[in-house]
Amino acid sequence: MSKKKFALGALFGAIAGLAAGLLTAPKSGKETRADIKAKAEDIKSDLSKKAEKVSAEAGDIAADVKNRAEDLVKEAKEGASDLKGRTERAVEGAKKGFFSKK
């Protein structure tokens, strides 16, 4: 089982348990609604913090991927330039060899 599925199941289980506990508690409707509202605000706050963390991590990963891609492009350009130079030198050498045999 993946960690994401387990975490999602645990979250839904916690919410269901919380709802069942609040609805069966011997409190007045007004108190129960206040408790539900307080818990909902806590959950919203926690989710906001986690979303900000994930967003920051995603930004870091995107920057890392961009840097790696730029490095690969630079290496590819250098390799292509080197290959071009070697090819031009080989062609010039072949021309010299061809014309010097006449």
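Position 1 is the first residue of the sequence; numbering continues from there.
Under a 4.0 Å N-O distance rule, the pair R86/D82 qualifies as a salt bridge. R68 has a carboxylate O that lies under 4.0 Å from a charged side-chain N of D64, or vice versa, which qualifies the two as a salt bridge.
K37 NZ to K44 NZ: the interatomic distance, rounded to the nearest 0.5 Å, is 10.5 Å. Taking CG from N67 and CG from L72, the interatomic distance works out to 11.0 Å, rounded to the nearest 0.5 Å. In this structure, OG on S81 lies 11.0 Å from NZ on K77, to the nearest 0.5 angstrom. Between the CD1 atom of I36 and the CD1 atom of I43 there is a distance of 10.5 Å, given to the nearest 0.5 Å. From K84, atom NZ reaches atom CD of E88 across 5.0 Å, with rounding to the nearest 0.5 Å. Put simply, OG1 on T87 and CZ on R89 are 8.5 Å apart, with the number rounded to the nearest 0.5 Å.
Between the S45 side chain and the E41 main chain, no donor and acceptor come within less than 3.5 Å of each other.
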